[in-house]
Amino acid sequence: MTEKKRYLVTSALPYANGPLHIGHLGGAYLSADIFVRFLRLTGKEVVYICGSDEHGAAITIRAKKEGTTPQAIVDKYHASIKSTFEKIGMSFDIYHRTSAPIHHETSQDFFRTLYKNGEFLEKTSEQYYDTKAEQFLADRYITGTCPKCGHTDAYGDQCEKCGSTLSPTELINPRSTLSGETPELRETTHWYLQLDKYEEWLREWIENGKLNGQQLHDPNDWKNHVLGQCKSWLDGGLQPRSMTRDLDWGIDVPSDIPNSEGKKLYVWLDAPIGYISATKEWAANNGKDWKQYWQDEESALVHFIGKDNIVFHCLIFPAILKSHGDYVLPINVPANQFLNLEGKKLSTSKNWAVWVHEYVEEFEGRIDELRYNLIKNMPEQRDSEFTWKGFQDSTNNELVNNFANFVNRVVVLTNKYYDGKVPDFNPDQIIIDSNSQTDTSFHDSELLALHDQLQDLGEQIRSYEFRAALTTLLGISARGNQLLQFNEPWKAIKTQPETVKVVLNISLQIVAALSVASRPFLPFTSDKLRGLLNLPPIEDKGELTDLLSNLSEGNPILAAGHTIGDPIHLFTKIEDSVIDAQVEKLNATAAAVGAANGTPYEPIKETITFDDFSKMDIRTGVVLEAEKVKKTKKLLKLKIDIGAEQRTVVSGIAEYYDPEKIIGQEVLLLANLAPRKLRGIESQGMILMAENEKGELAFVQPKEAFGGGFTVK
RNA sequence: GGCGAGGUAGCUCAGCUGGUUAGAGCGCAGGAUUCAUAAUCCUGAGGUCGGGAGUUCAAGUCUCCCUCUCGCUACCA
């Protein structure tokens, strides 16, 4: 990786609309925290930026639901998220928020500059307008019947029942959530960023790391799935993207721009710019120059995100930065994939999650255990999984048995044999090598081996291989265990006391090295180790670099005669009962949500008159022919016999029925529905299907061999 | 259907531009050991690298076809 003088590291801004779960930590936060803590240990200038994303329609809607104001919602969650991050040991230099005035100014300046540079395309389109509330409606403010599954409370952008992505104009019977009225379509003007114009340089930058012929980074350092997704978008052709919205909670389009009234900045001219405004705030508070981080070639910008944010951080935000001019582009965007929980996707709405604030309470003082397991299972290259059993195993087998036990052995032996003082030794004394049971070794060569392990660990972190780095860290204490095991100081103390001095001296140096090297991963343990060894607290001023240079010269980290403290248990085992309780809790809360969210049954629809019903002509029918519609996953083309005539019907049932197996199937057909073309085939009616809560479909049929064409009343 | 990412030991995953008997951690089996939170250490078993074909002196690694998983996207009157 290209070495830079200065690092600007960001983690995706969490949305201030709910608490944090372990998926967040494993995605965009722990990785970044390891990276910056490591950089600090190497003495780099680094600033780590994050904050709450506090705008957008979802927050207004939540406020309405809870009968409060959007400000109250974001205040509540901002405070909660911020405090959770602190407890879990996230080492942000600043945790900012997008409701801060400096952020509004920064975002508006950005908009103004892009506007003046002529980067925008003004476009007018039709959108729903609520005449009673006198405003345009964001997608989320519109509900209606989902055209795909018939769910009556689908949102304008998405149906939460069937997961389809929608646009507001597709909804049947659209209603405004503000007034309950039926909205009308009105013209509105927005500013579009012409991403299509940037396609060429974005491609060159993504694929070759070059901009204007200058090599900015090596694409080989980027993750496969990140490059893949970017290329997929580039190959599909970029479209102009609206940078404004008709919203009431967000950052105003600057009032000096014509037609700006009622317009707010779109989240992508808001949230990522939060990285910049947070840097400004931090710089102002710490006597620094924010421009050195954002506008200097010697500064490396690294965005840590989840895979859902790849396109925005790799294409759209860079496009915004370059359109503005003066800004550096990210040197890497090491996006993680998703973390699953006990075999299923994490889901806030289904309450299938491990909430970090709850963990912090229930596992007080055991933060590093969670950090360890999440890093160990970090979804670096593919989706991965957290299980409570795995959490127990990694804690008990690796942290307790390997890491903490090694430290404990060393401290106990030192206290027992040398009254807690680091023993002096004869450098020519031969001991058994930690790598083999037969070879011989010296004090210095063991320190060099330690040096190499730390060097490896650093290289792994630099190349964003945090899981591997964690394995290397545990390899250090594993090697310490071998050293003790091969040399058996508990026996040798009687026969070869000089050997024991060398072995324990080395072991103590290893523990001292661990107090530094563990810091990026296990910050609380690092602090405990420093205390245990009576070493000064780490100040993040290049301690690891100093350590490495000392080791390479064979200098000890702990001088002979230095007194250490009494043994402590860094980690304790997690009992089965604790794990069982957590699994039970997870299942119970998820089940409770299922029950509260109701029932698998849909609410009964509005009452209709008999006349309404009698308008429908439902007939019995028999399937004569069935074939899959080409290039579709769900559609079958059916020929239905309804007695007097035959109808061609296209139906979305291919996932549940094989075409050959439904020939002769008796069905009910809504025969007087207006015909509609699907995939070029005219569908003359609709087959009635029953659908359960899982979305599974079943035919509704009259009794066997009833025959086609008869009416249903 | 299109695109992207994956499918490597029981489990979780490494394997860069193709090159000696395919690796790690956990789990498992056997042995050694007791300083330590019944912890540690050694040894071992276990993989036709999703399936098939091809390129090559040589393929987990390149090409093509098929298949499964995840994500984005289109179709569900």
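Lettering follows sequence order; numbering is per chain, from 1.
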* Using a cut-off of strictly less than 4.0 Å, decide whether A:Asn397 has a side-chain nitrogen or oxygen near OP1 or OP2 of B:rG27. => yes
* Structure fact -> Only one of A:Asp419, A:Val411, A:Leu413 passes side chain to side chain contact (heavy atoms under 4.5 Å, CB included) with A:Asn415, and that residue is A:Val411
* Asked: Using atom P of each nucleotide, how far apart are B:rU69 and B:rA22 to the nearest Å?
  -> 31 Å
* Asked: Counting only Watson-Crick or G-U wobble pairs whose two distances fall under 3.5 Å, which nucleotide matches B:rG23?
  -> B:rC13
* Length of the NZ-C1' vector between A:Lys307 and B:rA5, whole Å -> 7 Å
* Asked: For B:rC49, which nucleotide is its Watson-Crick or G-U wobble mate, given both distances must be under 3.5 Å?
  -> none
* With no angle test and no hydrogens, is the base of B:rA5 tied to the side chain of A:Asn224 by a donor-acceptor pair under 3.5 Å? -> no
* Within the pair A:Gln460 and B:rA14, is there a side-chain N or O less than 4.0 Å away from OP1 or OP2? -> no
* To do: Please report, rounded to the nearest Å, how far the P atom of B:rC35 is from the CG atom of A:Asn487.
  => 16 Å
* Measure the shortest side-chain to side-chain distance between A:Tyr417 and A:Ile493 over non-hydrogen atoms and say whether it is less than 4.5 angstrom. => yes
* Asked: B:rA9 and B:rA14: how far apart are their C1' atoms, nearest whole angstrom?
  -> 13 Å
* Could you state the interatomic distance from CG (A:Leu470) to NZ (A:Lys376), rounded to the nearest 0.5 Å? -> 8.0 Å
* **Phosphate-side-chain proximity, A:Asn396 and B:rU37, N/O vs OP1/OP2 below 4.0 Å** => no
* **Between B:rU40 and B:rU67 - C1' atom distance, rounded Å** => 46 Å
* Span that lies between the C1' atom of B:rG18 and that of B:rA59, in whole angstrom -> 6 Å
* Asked: In whole Å, what separates the P atom of B:rC65 from that of B:rA58?
  -> 23 Å
* **First of A:Gln229 and A:Ser384 reached from the 5' end of RNA chain B, by closest nucleotide** => A:Gln229
* **Strand partner of B:rA29, provided both Watson-Crick or wobble distances fall under 3.5 Å** => B:rU43
* Asked: Given the C1' atoms of B:rG27 and B:rA45, what is the spacing between them in whole Å?
  -> 13 Å
* To do: Assign A:Val649 to base, sugar-phosphate, or nothing according to its heavy-atom contacts below 4.0 angstrom with the strands shown.
  => nothing
* To do: Using the C1' atom on both, measure B:rC28 against B:rU63 and round to a whole Å.
  => 40 Å
* To do: Report the residue (A:Tyr417 or A:Met686) whose heavy-atom-nearest nucleotide on RNA chain B is the more 5′ of the two.
  => A:Tyr417
* **G-U wobble or Watson-Crick pairing nucleotide for B:rC76 (cut-off 3.5 Å, both distances)** => none
* To do: With heavy atoms under 4.0 Å as the rule, sort A:His569 into base, sugar-phosphate or nothing.
  => base
* Asked: Given the C1' atoms of B:rC49 and B:rA24, what is the spacing between them in whole Å?
  -> 16 Å
* Structure fact -> Any strand, both distances under 3.5 Å, Watson-Crick or G-U wobble: B:rC70 pairs with B:rG4
* Any A:Arg467 side-chain nitrogen or oxygen under 4.0 Å from OP1 or OP2 of B:rA14 -> no
* **Identified pairing partner of B:rU56, criterion: Watson-Crick or G-U wobble below 3.5 Å** => none
* When you look at A:Phe35 and A:Tyr464, which way does the ring pair (Phe, Tyr, Trp, His ring centres under 6.0 Å) test go after all the steps? -> CA-CA 8 Å; A:Phe35 192 67; A:Tyr464 311 103; 5.1 Å; yes
